[in-house]
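Working notes, beginning with the structure itself.
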Amino acid sequence: MTKRKRRSSATAERWAGPTLTELGLDDRQQRVFVWSVTAAGVLVIALVLTLVVNALGGGGPAVPTGASADIAGQGLPSSFQSWPSLKEFAPIADRKADSAPLSVQEVFGARTLSAGKVTLRRLTSRPDQACGGAVWGADLVDALAEAGCTQAVRGLYATADGVYMAQYTLFNLSSVAAAESLATSLATLYRGSWVQPLESPRAKFGAYSEASAQVMGHYLGVAWIGRTDGAEPGETDDFVMLGLAVREAERAVFRRVVAVAGVPSDPAQPPGPADTAQPAEDPPSDPGASPASSANTAPSANTAAPSPSVPAAR
């Protein structure tokens, strides 16, 4: 208390000099002026400290420990939409009926994925037994834990000319209810938490990208597409086919439906030329990738679930 009084007296003495006297201020007015200046200084200091704490403590999205310095710039899609599970996935609505774990070979075994005139080539892929390692943002990590996520597999693709890129992530969740709840949460979470982009010198998400999620029984598939230069799509950019191409990875889920329920006796659509399954190719060379599960040996389903806004992906 003694020190504060001395400090205030010293300040008052500095201000209560010839300058304030020349302005016509008496002793009382000079003391009021000094008090006002001191209070304003304290408020300014408090404001500066608040801004510094917010900047250091995080007013923006949380970036995971060990992430690359530019992940926040390429880590969020510009838009997101999702669709609920279709009746075709009812046989695998619960993980108890489909307990075999996913493998990279099962989901991303084909070297290329295509739809229309778009062909994507696999760049890299990765399995994560801890779902939190496949995403960033504490809110999304918590949401995955609540959904009973046991694993995530990611695959990164790009066109041969390097203009377009796409990443597909498949989450293994406890039930269809958990998957649909997570898809609903992503409608807001994607603004501050998202899937970790796989790293490749040939493709990196830029300023603009789009994402969508499809619930398929107890799985949630997330497609993330964009131009490698980060530009918004123009008239010549077919993002619809780009999204359908990367969703060819969903064939793995249809094979699981067949493994559980068998081949449907009355398919929803007659087979056609475009229904020919893609040939099996060399497996990804990812460390830790386990052999394909027994579900891979089941016959491939002839039809894929149609997206509510686009034609059926085959």
Side-chain angles (χ1 to χ4, degrees), residues 62-67 71 74-77 80 82 85 89 92 94-95 98-109 113 122-157 165-186 189-190 192-200 205 209 211-225 246-253 255-256 283-293 295-296:
V63 178
T65 303
I71 191 172
Q74 63 163 317
L76 291 172
F80 174 81
S82 66
S85 187
F89 298 107
I92 58 170
D94 193 285
R95 190 164 53 208
D98 174 42
S99 58
L102 294 167
S103 70
V104 167
Q105 164 63 19
E106 177 185 2
V107 183
F108 304 117
L113 302 174
R122 189 186 64 231
L123 299 179
T124 185
S125 55
R126 172 172 174 164
D128 285 281
Q129 299 303 320
C131 296
V135 302
W136 62 272
D139 291 339
L140 183 51
V141 171
D142 292 342
L144 285 168
E146 292 177 4
C149 187
T150 57
Q151 60 178 154
V153 290
R154 289 173 286 164
L156 181 65
Y157 294 80
M165 63 180 297
Q167 179 170 301
Y168 190 85
T169 305
L170 189 60
F171 293 104
N172 188 346
L173 309 174
S174 62
S175 66
V176 64
E180 292 187 343
S181 177
L182 178 60
T184 300
S185 297
L186 278 174
L189 288 179
Y190 85 92
S193 302
W194 192 240
V195 179
Q196 286 264 25
L198 289 173
E199 294 185 2
S200 172
F205 285 103
S209 61
S212 62
Q214 174 70 59
V215 179
M216 298 168 287
H218 69 94
Y219 296 103
L220 181 65
V222 178
W224 187 12
I225 61 176
V246 75
R247 284 185 58 184
E248 282 290 297
E250 293 171 1
R251 287 181 177 273
V253 180
R255 288 193 289 268
R256 292 207 165 217
S285 57
D286 300 297
S290 60
S293 68
N296 270 328

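Numbering of residues begins at 1 and proceeds along the displayed sequence. Since the structure is predicted, the reported quantities are computational estimates derived from the model, not experimental observations.
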- State whether the side chain of E250 and the backbone N or O of L170 hold a donor-acceptor pair below 3.5 Å, judged by distance alone.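 Absent.
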Identify the heavy atoms of [X] and [Y] that sit nearest to each other, and give their distance.
| X | Y | value |
| --- | --- | --- |
| V104 | S125 | CG1-OG, 3.1 Å |
| A183 | L220 | CB-CD1, 3.9 Å |
| V246 | A223 | CG1-CB, 3.8 Å |
| G137 | S193 | CA-OG, 3.4 Å |

- Flag side-chain contact, heavy atom, 4.5 Å: L198 against Y157: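 No. Closest side-chain heavy atoms not under 4.5 Å.
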Working to the nearest 0.5 angstrom, can you tell me the gap between [X] [atom1] and [Y] [atom2]?
| X | Y | atom1 | atom2 | answer |
| --- | --- | --- | --- | --- |
| L123 | F108 | CG | CZ | 12.0 Å |
| R122 | S200 | CZ | OG | 12.0 Å |
| I225 | M165 | CD1 | CE | 11.0 Å |
| Q196 | W136 | CD | CH2 | 8.5 Å |
| F205 | W194 | CZ | CH2 | 9.5 Å |

- Task: Could you note down all residue pairs passing salt bridge (Lys or Arg N to Asp or Glu O under 4.0 Å) where residues 128-151 supplies at least one of them, sequence neighbours left out?
- Result: R126-D128, D128-R154
Ignoring hydrogens and geometry beyond distance, is a side-chain donor-acceptor pair present between [X] and [Y] at under 3.5 Å?
| X | Y | answer |
| --- | --- | --- |
| H218 | N172 | yes |
| T169 | W224 | no |
| R247 | S212 | no |

Listing, residues 174-181 side-chain donor-acceptor contacts under 3.5 Å, not counting sequence neighbours, or none:
from : atom 1 : to   : atom 2 : distance (Å)
S174 : OG     : A147 : O      : 3.2
S175 : OG     : A178 : N      : 3.2
E180 : OE2    : S85  : N      : 3.0

- L189 and F80: side-chain contact (heavy atoms from CB on, under 4.5 Å), yes or no, with the steps? CA-CA 10 Å; L189 288 179; F80 174 81; over 6 Å; no
- Query: Can you tell which of V215, V222, L144 makes a side chain to side chain contact (heavy atoms under 4.5 Å, CB included) with L182?
  - Reply: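 Answer to the side chain to side chain contact (heavy atoms under 4.5 Å, CB included) test with L182 among V215, V222, L144: L144.
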- Under the side chain to side chain donor-acceptor pair (under 3.5 Å) test, residues paired with Y219 that sit two or more places apart: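 Counting only residues at least two positions away or on another chain, Y219 forms a side chain to side chain donor-acceptor pair (under 3.5 Å) with D98, R256.
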